[in-house]
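So that the names make sense, note that chain A is the first sequence line, chain B the second, and so on, each numbered from 1. The shown structure was predicted, so the numbers you read here are calculated from the model rather than taken from an experiment.
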Protein chains: 2
Amino acid sequence: MRTPSASTARAGALTADDWAVRGLEILTTEGPRAVTIARLCRDLNVTKGSFYWHFADLEALKGSIAQLWCAQNRQQLTELAALNELPAHERLRAMTAGLIDDGAWALQRTLREWSRTDERVAGAVADSDQFVFELVQDAISELGADPRQARTRAGLLVYAGIGFAHGQTALPKPTMEDVDDLIAWLTEGS
Amino acid sequence: MRTPSASTARAGALTADDWAVRGLEILTTEGPRAVTIARLCRDLNVTKGSFYWHFADLEALKGSIAQLWCAQNRQQLTELAALNELPAHERLRAMTAGLIDDGAWALQRTLREWSRTDERVAGAVADSDQFVFELVQDAISELGADPRQARTRAGLLVYAGIGFAHGQTALPKPTMEDVDDLIAWLTEGS
DNA sequence: ACCTGAACACCGTTCAAGT
DNA sequence: ACCTGAACACCGTTCAAGT
């Protein structure tokens, strides 16, 4: 990733990827309001003109950042799915537990926000959601639900996960005990 | 609402409320990016200095807009709760149906976004969530769930609703048939 | 009490010109 | 191919001055 894409690139020259990497770093540590062209230029020691050679506009950068995030995210989820050895029940439990105390909501929220104004971001987020949905659906299926049940219940769970990440509201935060109850109930016969 | 709050106010003078009302209009019809001080000044035929007499900064305006939205929202929900005559089952159905095809997500999404940077907005959104949660919890209770079940299941439903509003992703959009299934299943005994 | 007018800092975007 | 430098439009914020 550190090597320039084309062999003709000069020594200190930047790649579009360099901008995206630094952008994701800033987004992660300082939030969306800090991701600005002027700020990136300061960090990378170039002027704004350089940015506009690599990207059409700010939206395009957001798209690249989103793709980077999507790749990382996908890998993390794949590791999680590699818990395939565990019984489906345990897999579900691990996924929801990860959701509740993981600090990665903030990123996800911002990406969803961006996806409203940028097609590329929307695509990356949709990919991620689809991936999670299938993991959950498979787990519920293995526990003996018929296909229709597995689909609607997986949808309910995944939507609830997204809602939990976006809520952070006055609603009661589920305890691990609640989660166990819900999973047991989700995976009962109809 | 059109009459100035203080009796000492001059004829053409603006109220803080006037700014909030116009702000909510713009937010509703053109989205969050259009809600800008300069734009409001154009619409209201005043200069920016006028804005800063009424509000400390842009965040303060957002807070006022949020409170306005919260009031409207609360009233709408109360009407919905006035379906108290209907069996609880029908109430749940009406609420979820309203969620699925209502076009009011966009507003809610923006308000949640704003609530991350403004305490007042966060308060208004929390109020709204709490209100919905109690409606759902009561309905589920009436259908014979014990208090603990009612709490966790209502949480699951409400979070799923929030997630659905924020998702708009690649996930399957639930049909009304799915909703009926889920409600029936939600309100079964453990 | 309520607003104007002018200023300032900051950001996104464009583009001719450099190497 | 990759970047500088300077310009422009636009927005948020401040503040002295007006009525």
Side-chain angles (χ1 to χ4, degrees), chain A residues 1-23 26-27 30-66 110 113-114 116-118 120-121, chain B residues 1-23 26-27 30-66 110 113-114 116-118 120-121:
Chain A
M1 284 295 171
R2 287 234 155 262
T3 49
S5 52
S7 53
T8 53
R10 286 188 306 190
L14 288 177
T15 310
D17 227 61
D18 293 330
W19 290 86
V21 167
R22 184 68 195 130
I26 296 178
L27 177 59
E30 301 179 40
R33 292 192 65 110
V35 179
T36 168
I37 297 175
R39 163 65 188 279
L40 279 241
C41 289
R42 258 174 264 138
D43 283 17
L44 299 175
N45 277 314
V46 286
T47 56
K48 294 177 179 178
S50 172
F51 174 85
Y52 285 95
W53 192 88
H54 291 287
F55 298 94
D57 52 21
L58 186 55
E59 298 297 300
L61 173 68
K62 289 180 180 175
S64 293
I65 292 178
T110 302
E113 197 179 311
W114 285 0
R116 283 210 272 155
T117 53
D118 189 288
R120 288 153 292 202
V121 180
Chain B
M1 285 293 170
R2 287 235 156 260
T3 50
S5 52
S7 54
T8 54
R10 284 188 308 191
L14 287 177
T15 309
D17 227 61
D18 292 330
W19 291 87
V21 167
R22 184 69 195 131
I26 297 178
L27 176 59
E30 300 179 41
R33 292 192 66 111
V35 180
T36 168
I37 297 176
R39 164 63 188 279
L40 279 238
C41 289
R42 257 174 265 136
D43 283 18
L44 299 177
N45 277 313
V46 285
T47 57
K48 294 178 179 178
S50 172
F51 174 85
Y52 284 95
W53 192 88
H54 291 285
F55 299 94
D57 51 19
L58 186 56
E59 297 298 300
L61 173 68
K62 288 180 182 177
S64 293
I65 293 179
T110 303
E113 196 180 312
W114 285 0
R116 283 211 274 155
T117 53
D118 189 288
R120 289 154 292 204
V121 180

Give, for atom [atom1] of [X] and atom [atom2] of [Y], the distance between the pair rounded to the nearest 0.5 Å.
X        : Y        : atom1 : atom2 : result
A:Asn45  : A:Ser50  : CG    : OG    : 11.0 Å
B:Lys62  : B:Asp57  : NZ    : CG    : 9.5 Å
B:Arg39  : B:Arg42  : CZ    : CZ    : 7.0 Å
B:Leu58  : B:Thr36  : CG    : OG1   : 7.0 Å
A:Arg33  : A:Ile26  : CZ    : CD1   : 15.0 Å
B:Glu113 : A:Thr110 : CD    : OG1   : 8.5 Å

Using atom [atom1] of [X] as one end and atom [atom2] of [N] as the other, report the distance to the nearest whole Å.
X       : N      : atom1 : atom2 : value
A:Trp53 : C:dA17 : CH2   : P     : 20 Å
A:Phe55 : D:dC3  : CZ    : C1'   : 15 Å
A:His54 : C:dT13 : NE2   : P     : 16 Å
B:Phe51 : C:dC2  : CZ    : P     : 15 Å
B:Trp19 : D:dG12 : CH2   : P     : 11 Å
B:Lys48 : D:dA16 : NZ    : P     : 19 Å
B:Arg33 : D:dG12 : CZ    : C1'   : 15 Å

Proximal nucleotide (of [options]) relative to the [X] side chain:
X       : options              : result
B:Ala13 : C:dC2, D:dC11, D:dC3 : C:dC2
B:Val46 : D:dC2, C:dG12, C:dC3 : C:dC3
A:Tyr52 : C:dC2, C:dT4, C:dT13 : C:dT13

Answer whether the closest heavy-atom distance between the side chains of A:Trp114 and A:Leu27 falls below 4.5 Å.
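Yes; the side chains approach each other to less than 4.5 Å.
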So which of residues 57-66 of chain A are in contact with DNA chain D, with a heavy-atom cut-off of under 4.0 Å?
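Residues of residues 57-66 of chain A under 4.0 Å from DNA chain D: none.
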What does the 5'-to-3' dot-bracket notation of DNA chain D look like when only Watson-Crick and G-U wobble pairs under 3.5 Å count, and pairs to other strands show as |?
||.|||||...|||||.||
Residue whose closest nucleotide on DNA chain C lies nearer the 5' end, A:Val35 versus A:Gly49:
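The residue closer to the strand's 5' end, by nearest nucleotide, is A:Val35.
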Shortest non-hydrogen separation from [X] to [Y] and the atoms involved:
X       : Y       : answer
B:Leu14 : B:His54 : O-CE1, 3.0 Å
A:Phe51 : A:Ile37 : CE2-CD1, 3.5 Å
B:Ala56 : B:Ala60 : N-CB, 4.0 Å

When you measure from every atom of DNA chain C, which of residues 37-45 of chain A have a heavy atom less than 4.0 Å away?
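Listed by number, they are A:Ile37, A:Ala38, A:Arg42.
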Parallel, tilted or perpendicular: which fits the ring planes of A:Phe55 and A:Trp19, with parallel below 30° and perpendicular above 60°?
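A:Phe55 and A:Trp19: perpendicular rings.
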Assess whether a salt bridge exists between B:Arg22 and B:Asp43, defined as any Lys/Arg side-chain N lying under 4.0 Å from an Asp/Glu carboxylate O.
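A salt bridge is present here (some side-chain N lies under 4.0 Å from a carboxylate O).
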What nucleic acid atoms does A:Thr36 come within less than 4.0 Å of, heavy atoms only: base, sugar-phosphate, or nothing?
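Sugar-phosphate: the residue A:Thr36, judged by heavy atoms under 4.0 Å, touches backbone atoms but no base.
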